[in-house]
A.B. asks: 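Before anything else, here's the structure in question.
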Amino acid sequence: MTIRVRFAPSPTGYLHIGSARTALFNYLYARSVGGKFLLRIEDTDIARSTEESTRSILEGLEWLGFSHDEEIIFQSNNADKHRAAALKLLEEGKAYRDFTPKAQPNDKNIKAAIAQKARANQGEKNMRDNEFRDLSKEESEKRASEGEPFAIRLKVGDSGKTSFEDAVYGLQERDYEEIEDLVLLRSDGHPLYNLAVVCDDIEMEITDVIRGQDHLTNTHKQILIYEALGKQPPRFAHLPLILAPGGKKLSKRIHGEIVSMTTYRDAGFLAAAFRNFLALLGWSAGEEQEIYSLEELTEKFSLSGIHRSNATFNFDANNPKRWTDDKAIWMNAEYIRTLPLEELLPFVAKELKAAKLWREEYEEEDAQWFAKTVDLIRERFYTLKDFSGQGRAFFSEDFDFDEKAIEKNLKKFPDLKVWLPELAEKFETVEDWSHDPIHEVVSGFCEEKDTKFGVVLNGARVVLTGQAVGPSMLAAMEQLGKDKTIMRLKSRIAWNS
RNA sequence: GUCCGGUUCGUCUAGGGGUCUAGGACACCGCCCUUUCACGGCGGCAACACGGGUUCAAAUCCCGUACCGGAUACCA
């Protein structure tokens with residue numbers, strides 16, 4: 001039988017890092033065993049689901065490169081089938097009508113309220129004490145036909161336990177005593193999550209459910225539904241959670257933008273790099289390799305490499321240098337400097353276009369210059385944004401001067417104010433504008449002024465690129481060209497800013 | 001509260017009875033290279049939660065404790 005897995009996000013926001021990783025693991029698993037990777041949008045929470053979110057999630061998946069098989073299923077379209085399943089269970093006596101009026105949850109601190117209630121009920125709460133559980137069929141039907149609202153609850157057995165073998169966590173068991181008669185259908189006829197998931201997974205012929213560990217308790221309830229429906233449950237694999245530095249589950253509400261995939265795309269991350277980073281969060285091939293292409297991941301992925309312990313996604317909201325996980329940033333830099341140049345170029349072009357720094361010539365007559373420039377400057381860059389930021393001076397006359405660079409490399413050596421234009425004069429005579437001749441002129445100049453090479457070149461770097469850091473200055477001068485080099489060396493803009 | 005799960009350097013992790021004076025990566029620090037910063041090379045700092053067992057031998061197996069997390073809804 002072919003393996004069929006699904007990624008089933010609920011469209012209540014952008015694509016979350018944790019969800020992205022769940023999608024990645026599903027995708028890798030499917031591809032590694034030649035199975036199908038399906039997509040299902042769980043939009044049954046009408047109040048919170050938005051089309052905007054769906055779009056954003058799809059966009060995120062596309063960016064990451066996870067192409068799905070078959071058509072996208074929208075769970076809300078299947079509501080009738082879910083209802084029918086609940087009614088069938090009711091008919092068969094495996095579920096019952098609960099006429100208890102619906103409680104109004106104060107959705108402010110709903111989680112806390114639930115936990116508190118559970119604590120308060122401690123010891124006296126019997127999961128089977130619903131007064132309508134054993135209502136006669138006639139009585140139940142009578143009240144229903146009189147228009148009294150009811151929810152449909154699953155009748156969980158009095159004694160016994162559910163059990164399943166989790167591919168990650170091993171054998172999982174749960175006493176029926178611990179499981180309440182869960183609601184399948186709300187009193188307004190709206191199917192609830194656990195029912196909907198089971199029905200859809202059956203219909204989609206899902207063989208393996210790979211999802212977050214926070215669903216572990218749901219799984220027991222779902223198994224009960226499978227059994228009531230007379231269906232074989234799929235295999236399950238629960239993934240460890242991704243935590244924030246505080247130790248809590250990474251969440252949109254508390255941690256904000258940092259958890260959104262779009263943040264990384266917009267910050268100039270390469271999808272391949274981020275995917276690579278994500279794969280290593282909670283999974284390992286058991287070797288010392290860090291950089292994996294999608295193909296390698298697919299080849300090496302296995303559920304047995306997934307951890308049982310949660311991973312911390314490290315970042316410091318108060319430190320701009322540490323705005324997101326160090327390793328993710330490093331990984332992105334690593335991809336930027338090691339990706340085959342021709343693969344990187346389109347990304348850089350896109351970035352320059354977005355920053356209005358793109359020139360048609362880069363496509364034609366200056367294509368080689370462009371490629372060489374990118375290759376030269378990429379060594380120091382962390383994100384694609386750096387090409388339009390730190391690297392701006394290579395593509396435009398309109399660039400900023402880094403204040404610290406001016407202080408450190410220019411103002412500390414006032415002589416440079418005269419020297420740099422003088423150096424420019426000497427450059428005028430250079431016929432063959434390339435590394436060695438430039439080097440000769442600079443070293444002769446330094447000798448003449450009895451100063452260190454570094455002083456002159458670092459000063460030149462600031463004036464030429466606005467930065468304190470960058471590629472080899474001689475190479476940069478060559479790349480910038482004779483005219484621009486001379487012009488900028490003579491300019492006083494940096495000194496005055 | 002109850003149920004479930006987890007615990008190896010700051011972070012991601014290797015390891016699954018002897019090969020562990022615990023390996024790698026990021027971060028940090030130092031040195032080298034060098035025209036600066038970086039890159040690269042070399043090196044350093046830094047961890048088996050605790051207590052009991054089992055065993056000739058435990059990071060690895062068992063029990064307990066502590067701590068952390070998740071779940072507990074007519075949300076998904």
Side-chain angles (χ1 to χ4, degrees), chain A residues 8-12 42-45 47-49 75 98 100-103 105 107 110-111 113-123 125 149-153 169-170 172-175 177-180 182-188 190 192-194 196-197 212-218 220 238 240-241 243 245 247-249 277 280-291 307-315 322 325-331 333 337 378-381 405 408-409 439 442-443 446 452-462 467-474:
Chain A
S10 52
T12 56
E42 307 209 322
D43 55 349
T44 57
D45 187 341
R48 293 193 300 154
S49 298
Q75 191 159 63
D98 180 3
T100 312
K102 186 186 175 199
D107 38 3
I110 192 150
K111 284 228 174 217
I114 289 160
Q116 202 170 28
K117 198 175 127 199
R119 219 163 328 194
N121 289 338
Q122 185 49 37
K125 176 87 187 272
F150 59 86
I152 294 182
R153 304 190 92 111
Y169 289 94
Q172 299 292 308
E173 295 185 310
R174 196 163 169 87
D175 274 344
E177 277 179 46
E178 301 290 338
I179 307 173
E180 86 277 12
L182 60 142
V183 173
L184 302 175
L185 214 60
R186 265 200 232 162
S187 50
D188 62 4
H190 187 84
L192 250 28
Y193 175 74
N194 283 308
V197 166
Q213 193 233 72
D214 46 348
H215 282 292
L216 228 25
T217 47
N218 277 330
H220 289 96
H238 288 87
L241 269 18
L243 270 26
K248 293 285 178 194
K249 192 163 81 154
F277 169 76
L280 263 22
L281 211 53
W283 173 81
S284 160
E287 56 189 10
E288 289 179 354
Q289 188 173 335
E290 302 280 339
I291 304 294
H307 294 170
R308 276 160 289 274
S309 55
N310 297 336
T312 301
F313 182 75
N314 212 9
F315 63 91
R322 293 260 164 87
D325 199 289
D326 276 332
K327 200 155 182 173
I329 295 176
W330 166 78
M331 184 112 23
R337 61 181 168 255
R378 68 167 165 167
E379 279 298 313
R380 285 84 184 159
F381 290 171
K408 189 177 149 206
N409 295 335
H439 183 270
V442 176
S443 68
C446 290
K452 279 193 288 187
F453 218 70
V455 172
V456 172
L457 286 181
N458 286 332
R461 183 190 309 284
V462 179
Q467 301 288 315
V469 304
S472 153
M473 202 56 237
L474 296 172

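A, B, ... follow the sequence lines: proteins, then strands. Residue 1 opens every chain.
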A.B. asks: A:H190 NE2 to B:rA73 P: how many Å, rounded?
C.D. replies: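 After rounding, the reported distance stands at 17 Å.
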A.B. asks: If I pick the C1' atom on B:rA46 and the same atom on B:rA25, what distance separates them, to the nearest angstrom?
C.D. replies: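 Result for the C1' pair: 14 Å, nearest Å.
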A.B. asks: Could you work out the separation of B:rU11 and B:rC28 based on their C1' atoms and round it to a whole Å?
C.D. replies: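 Rounded to whole Å, the distance is 12 Å.
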A.B. asks: Under 4.0 Å, heavy atoms only, any strand: does A:N218 hit a base, just the sugar-phosphate, or nothing?
C.D. replies: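 Touches a base.
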A.B. asks: Would you mind classifying the nucleic acid contact of A:P11 as base, sugar-phosphate or nothing, using non-hydrogen atoms under 4.0 angstrom?
C.D. replies: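 No contact.
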A.B. asks: What's the CD-C1' distance between A:E180 and B:rA71, to the nearest Å?
C.D. replies: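 Roughly 11 Å, once rounded to whole Å.
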A.B. asks: Would you say A:R380's side chain and A:G470's backbone share a donor-acceptor pair under 3.5 angstrom?
C.D. replies: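 Yes; judged by distance alone, with no hydrogens or angles, the pair exists.
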A.B. asks: Taking the nucleotide of RNA chain B with the nearest heavy atom to each, does A:K408 or A:D325 sit closer to the 5' end?
C.D. replies: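 Looking at the nearest nucleotide for each, A:D325 comes out on the 5' side.
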A.B. asks: Using purine N1 to pyrimidine N3 plus N6-O4 or O6-N4 for Watson-Crick, or N1-O2 and O6-N3 for G-U wobble, both under 3.5 Å, which nucleotide pairs with B:rG69?
C.D. replies: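 Matched B:rG69 with B:rC4 under the 3.5 Å cut-off.
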A.B. asks: For atom P, what is the distance between B:rG24 and B:rC45, given to the nearest Å?
C.D. replies: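 The answer is 12 Å between these two P atoms.
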A.B. asks: Which part of the nucleic acid, if any, lies within reach of A:A468 when heavy atoms closer than 4.0 Å are counted: base, sugar-phosphate only, or nothing?
C.D. replies: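 Base contact.
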A.B. asks: Take atom CG of A:D45 and atom C1' of B:rC74, then tell me their distance rounded to the nearest Å.
C.D. replies: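 In whole Å, B:rC74 C1' lies 12 Å from A:D45 CG.
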A.B. asks: From CD of A:E178 over to P of B:rA73, roughly how many Å is that when rounded to an integer?
C.D. replies: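 For the pair A:E178 CD and B:rA73 P, the rounded distance is 12 Å.
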A.B. asks: Could a donor-acceptor pair under 3.5 angstrom be found where the side chain of A:S187 meets the base of B:rC74?
C.D. replies: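 Checked by distance alone, the answer is yes.
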A.B. asks: Report the base-pairing partner of B:rG16 (Watson-Crick or G-U wobble, both distances below 3.5 angstrom), or none.
C.D. replies: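 Check on B:rG16: unpaired, no WC or wobble geometry under 3.5 Å.
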A.B. asks: Counting only distance, no hydrogens or angles, is the base of B:rU35 paired donor-acceptor with the side chain of A:S472 under 3.5 Å?
C.D. replies: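 Such a pair exists between side chain and base.
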A.B. asks: Mind checking if A:H215 touches a base, just sugar-phosphate, or nothing, with heavy atoms under 4.0 Å?
C.D. replies: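 Base, at least one base heavy atom under 4.0 Å.
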A.B. asks: Using a cut-off of under 3.5 Å, enumerate the N/O to N/O pairs linking the protein to nucleotides 38-45 of chain B.
C.D. replies:
residue, atom, partner, partner atom, Å
B:rA38, N1, A:R380, NH2, 3.3
B:rA38, N3, A:R380, NE, 3.2
B:rA38, N3, A:R380, NH2, 3.2
B:rC39, O2', A:E379, OE1, 2.9

A.B. asks: Using the P atom on both, measure B:rA22 against B:rA27 and round to a whole Å.
C.D. replies: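 Each nucleotide's P atom is 23 Å from the other's.
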A.B. asks: With heavy atoms under 4.0 Å as the rule, sort A:Y193 into base, sugar-phosphate or nothing.
C.D. replies: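 Touches a base.
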A.B. asks: Using a cut-off of less than 4.0 Å, is there contact between a side-chain N or O of A:R48 and OP1 or OP2 of B:rC75?
C.D. replies: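 So the side chain of A:R48 is outside the cut-off, no N or O lying under 4.0 Å from OP1 or OP2 of B:rC75.
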A.B. asks: In this structure, how many angstroms lie between the P atom of B:rG69 and the OH atom of A:Y169, rounded?
C.D. replies: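 Atom OH in A:Y169 sits about 15 Å away from atom P in B:rG69.
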A.B. asks: Given A:R153, which of A:L184, A:L185, A:T100, A:D98 fulfils the side chain to side chain contact (heavy atoms under 4.5 Å, CB included) condition?
C.D. replies: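 Option passing the side chain to side chain contact (heavy atoms under 4.5 Å, CB included) with A:R153: A:D98.
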A.B. asks: Expressed in whole Å, how much space separates the C1' atoms belonging to B:rA14 and B:rC9?
C.D. replies: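 Pairwise C1' distance, B:rA14 against B:rC9, rounds to 13 Å.
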A.B. asks: Base, sugar-phosphate, or nothing: which does A:L474 touch, judged by heavy atoms less than 4.0 Å apart?
C.D. replies: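 Contact class for A:L474: base.
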A.B. asks: Which is true for A:Q172 with a 4.0 Å heavy-atom rule: it touches a base, it touches only sugar-phosphate, or it touches nothing?
C.D. replies: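 Here A:Q172 touches the backbone only, sparing every base.
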A.B. asks: Between B:rC75 and A:R186, is there an OP1 or OP2 to side-chain N/O distance shorter than 4.0 Å?
C.D. replies: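 Looking at the OP1 and OP2 atoms of B:rC75, one of them is under 4.0 Å from a side-chain N or O of A:R186.
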A.B. asks: Give none if B:rC9 has no partner; otherwise give the nucleotide forming a Watson-Crick or G-U wobble pair with it, both distances under 3.5 Å.
C.D. replies: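 Its partner is none (no Watson-Crick or G-U wobble pair with both distances under 3.5 Å).
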A.B. asks: Would you call the rings of A:H215 and A:Y193 parallel, tilted or perpendicular, where under 30° means parallel and over 60° means perpendicular?
C.D. replies: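 Plane angle under 30°, so parallel.
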A.B. asks: Could you check whether A:N458 gets within reach of a base, just the sugar-phosphate, or nothing at all, counting any heavy atom under 4.0 Å?
C.D. replies: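 Base contact - A:N458 has a heavy atom under 4.0 Å of at least one base atom.
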A.B. asks: Suppose you measure atom C1' in B:rA58 against the same atom in B:rC48; what distance do you get, rounded to whole Å?
C.D. replies: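 It works out to 11 Å between them.
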A.B. asks: In this structure, how many angstroms lie between the P atom of B:rA71 and the CD atom of A:Q213, rounded?
C.D. replies: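 In whole Å, B:rA71 P and A:Q213 CD are 9 Å from each other.
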A.B. asks: Counting side-chain heavy atoms from C-beta on, which of B:rC75, B:rU7, B:rG24 comes nearest to A:E288?
C.D. replies: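 So the nucleotide nearest the side chain must be B:rG24.
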A.B. asks: By the 4.0 Å heavy-atom rule, please label A:T12 as base, sugar-phosphate, or nothing.
C.D. replies: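 Result for A:T12 = nothing.
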A.B. asks: Using heavy-atom distances to pick each residue's nearest nucleotide on RNA chain B, tell me which of A:Q75 and A:A285 is more 5'.
C.D. replies: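 The answer here is A:A285.
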A.B. asks: Grab the CG-C1' distance between A:D98 and B:rC74 for me, whole Å please.
C.D. replies: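 Nearest whole value for this atom pair: 9 Å.
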A.B. asks: In whole angstrom, give me the gap between the P atoms of B:rC67 and B:rC61.
C.D. replies: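 Rounded to whole Å, the distance is 24 Å.
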A.B. asks: Using a 4.0 Å heavy-atom cut-off, does A:P245 contact any base of the nucleic acid, only the sugar-phosphate backbone, or nothing at all?
C.D. replies: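 Counting heavy atoms under 4.0 Å across all strands, no contact is made by A:P245.
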A.B. asks: Under 4.0 Å, counting only non-hydrogen atoms across every strand here, what does A:E290 touch: a base, just sugar-phosphate, or nothing?
C.D. replies: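 Answer is base: heavy atoms of A:E290 come under 4.0 Å of a base.
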A.B. asks: Does A:R186 pair with A:D188 as a salt bridge, N-O distance under 4.0 Å?
C.D. replies: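 A salt bridge is present here (some side-chain N lies under 4.0 Å from a carboxylate O).
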A.B. asks: Just the rounded figure in Å: distance from P of B:rC3 to CG of A:D175.
C.D. replies: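 After rounding, the reported distance stands at 10 Å.
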A.B. asks: Using a heavy-atom cut-off of under 4.0 Å over every strand shown, decide if A:R308 touches base, sugar-phosphate, or nothing.
C.D. replies: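 Touches sugar-phosphate only.
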A.B. asks: Give one of base, sugar-phosphate or nothing for A:H220, where a contact means two heavy atoms less than 4.0 Å apart.
C.D. replies: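 If one applies the 4.0 Å heavy-atom cut-off, A:H220 turns out to touch nothing in the nucleic acid.
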A.B. asks: For A:K452, report the nucleic acid contact type (base, sugar-phosphate, nothing); a contact means any heavy atom under 4.0 Å.
C.D. replies: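 No contact.
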A.B. asks: Report the base-pairing partner of B:rG40 (Watson-Crick or G-U wobble, both distances below 3.5 angstrom), or none.
C.D. replies: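 Checking every strand shown, B:rG40 finds its partner in B:rC32, with both distances under 3.5 Å.
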A.B. asks: Taking atom C1' in both B:rC12 and B:rC50, what distance in whole Å separates the two?
C.D. replies: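 To the nearest whole Å, 25 Å.
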